[in-house]
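See below for the structure under consideration.
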2 protein chains.
Amino acid sequence: MSDDLFKALADPTRRTILDELAEKSGQTLFEVCSRLAMKHRLGISRQGVSQHLAVLEAAGLVETRREGRYKFHDLNTAPLRRITERWPLPHPDSHPHSRPSGPEDSTS
Amino acid sequence: MSDDLFKALADPTRRTILDELAEKSGQTLFEVCSRLAMKHRLGISRQGVSQHLAVLEAAGLVETRREGRYKFHDLNTAPLRRITERWPLPHPDSHPHSRPSGPEDSTS
DNA sequence: TTGATAGGCAAGCAAGTACTTGCCTATCCT
DNA sequence: AGGATAGGCAAGTACTTGCTTGCCTATCAA
């Protein structure tokens with residue numbers, strides 16, 4: 001089930017973490033922590049960030065590799081493909097908002 | 001903010017509703033209700049579905065048009081584009097899961 | 001070994017949210 | 001008009017979840 005994927009994306013802090021990992025791959029927990037604090041003024045505890053990273057990892061959006069006492073986190077955007085596969089995007093053809101055809105007027 | 005978008009996608013029932021609207025556009029509230037009950041065995045009240053549709057509309061994923069006492073709901077997948085714009089997908093180039101490069105071994 | 005760093009586990013709290021129930025309005029058909 | 005259909009509003013409840021605090025393990029440097 002892709003339940004984990006959407007649940008992971010549901011939280012704004014987690015999305016910010018994804019942004020940070022997109023900008024600099026292979027960050028440790030503490031690195032993510034300090035970036036959230038500095039750049040985004042997010043006063044969140046280390047444990048909070050750790051839980052967020054766990055959710056992101058469960059969704060497959062973050063992959064981890066251990067190295068000594070460090071644990072590096074890498075972004076993996078591949079699972080996002082399932083979203084636009086499930087609900088295909090309209091072609092950016094002509095005008096942006098083309099009204100979908102429907103039962104326009106049947107009786108009058 | 002795209003907060004509404006991800007919040008809307010976070011719920012499995014709402015995603016099923018999107019599936020149904022993708023299959024048949026321009027459904028009324030009652031139509032969606034009965035489809036959820038029949039096809040998906042979801043015992044959810046009419047008001048529940050109505051609230052879900054409201055959330056989807058707030059996210060821009062569903063557009064509505066009134067016609068007499070009917071209100072038709074249409075799927076609009078355009079907002080989904082922001083997702084893959086924010087975190088670009090890897091090219092389906094060679095092998096599917098290419099490990100991202102990192103500090104492989106620095107000390108040993 | 002001792003201390004410092006990087007991270008993990010688990011219980012607890014507070015806020016958000018999915019869902020229901022009850023009642024109300026608007027449009028159509030006879 | 002009256003009833004039936006399609007939908008909306010609002011309060012209440014039970015569950016989820018984001019976040020904290022406290023303590024524990026593992027790795028590295030002195």
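In what follows, chains carry the letters A, B, and so on, assigned in the order in which the sequence lines appear, proteins first and then strands, with residues in each chain numbered from 1.
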Euclidean distance, atom CZ of residue B:R14 to atom C1' of D:dT16 [Å, nearest integer] = 13 Å
For B:L9 and B:R15, work out which heavy atoms get closest and say how close.
-> O-NH1, 2.7 Å
Hey, does the side chain of B:K71 come within less than 4.0 Å of C:dT27's phosphate (OP1/OP2), counting only N and O?
-> no
Looking at A:R69, does any N or O in its side chain come under 4.0 Å of the phosphate oxygens OP1/OP2 on C:dA4?
-> no
Candidate nucleotides D:dG18, D:dC23, D:dG7, ranked by approach to the side chain of A:R46 - the nearest | D:dC23
B:I44 and B:L36: which non-hydrogen atoms are nearest, and at how many Å?
-> CG2-CD1, 4.3 Å
Candidates D:dG7, C:dG22, C:dT17 - which lies nearest the side chain of B:K7 | C:dT17
Would you say D:dC9 has OP1 or OP2 under 4.0 Å from some side-chain N or O of B:S50?
-> no
Would you mind reading off the distance between A:I44 atom CD1 and D:dC19 atom P, rounded to a whole angstrom?
-> 4 Å
Whole angstrom is fine here: how far is it from CD in B:Q27 over to P in D:dG7?
-> 11 Å
Are any of A:R66's side-chain N or O atoms less than 4.0 Å away from OP1 or OP2 of C:dA6?
-> no
How close do B:G60 and B:P79 get, heavy atom to heavy atom, and via which atoms?
-> O-CG, 3.5 Å
Write down the distance between CZ (A:F6) and C1' (D:dT17), rounded to a whole number of angstrom.
-> 19 Å
Starting at the 5' end of DNA chain D, which residue's closest nucleotide do you reach first, A:S45 or A:Y70?
-> A:S45
Rounded interatomic separation in angstrom, taking NE2 from A:H73 and C1' from C:dG8 | 12 Å
Assign A:G68 to base, sugar-phosphate, or nothing according to its heavy-atom contacts below 4.0 angstrom with the strands shown.
-> sugar-phosphate
Common cluster, A:L56/A:F30, ILVMFWY with side-chain heavy-atom separation under 4.5 Å = no
Grab the CZ-C1' distance between A:F30 and C:dT5 for me, whole Å please.
-> 7 Å
Tightest non-hydrogen contact, residues B:D4 and B:A59, listed as O-CB, 3.6 Å
Using only side-chain N and O atoms of A:H52, determine if any of them is under 4.0 Å from OP1 or OP2 of D:dT17.
-> no
In whole angstrom, what separates A:L29's CG from D:dC19's P?
-> 14 Å
If you take atom types as modelled and just measure distance, does the side chain of B:Q47 reach the base of C:dC19 with a donor-acceptor pair under 3.5 Å?
-> no
Answer with yes or no whether A:Q51 presents, from its side chain, a donor or acceptor under 3.5 Å of a partner atom in the base of D:dT17.
-> no
Quickly work out the B:D11 CG to D:dT17 C1' distance and round it to whole Å.
-> 14 Å
May I ask you to verify if any side-chain N or O of A:T64 is less than 4.0 angstrom from the OP1 or OP2 atom of C:dG7?
-> no
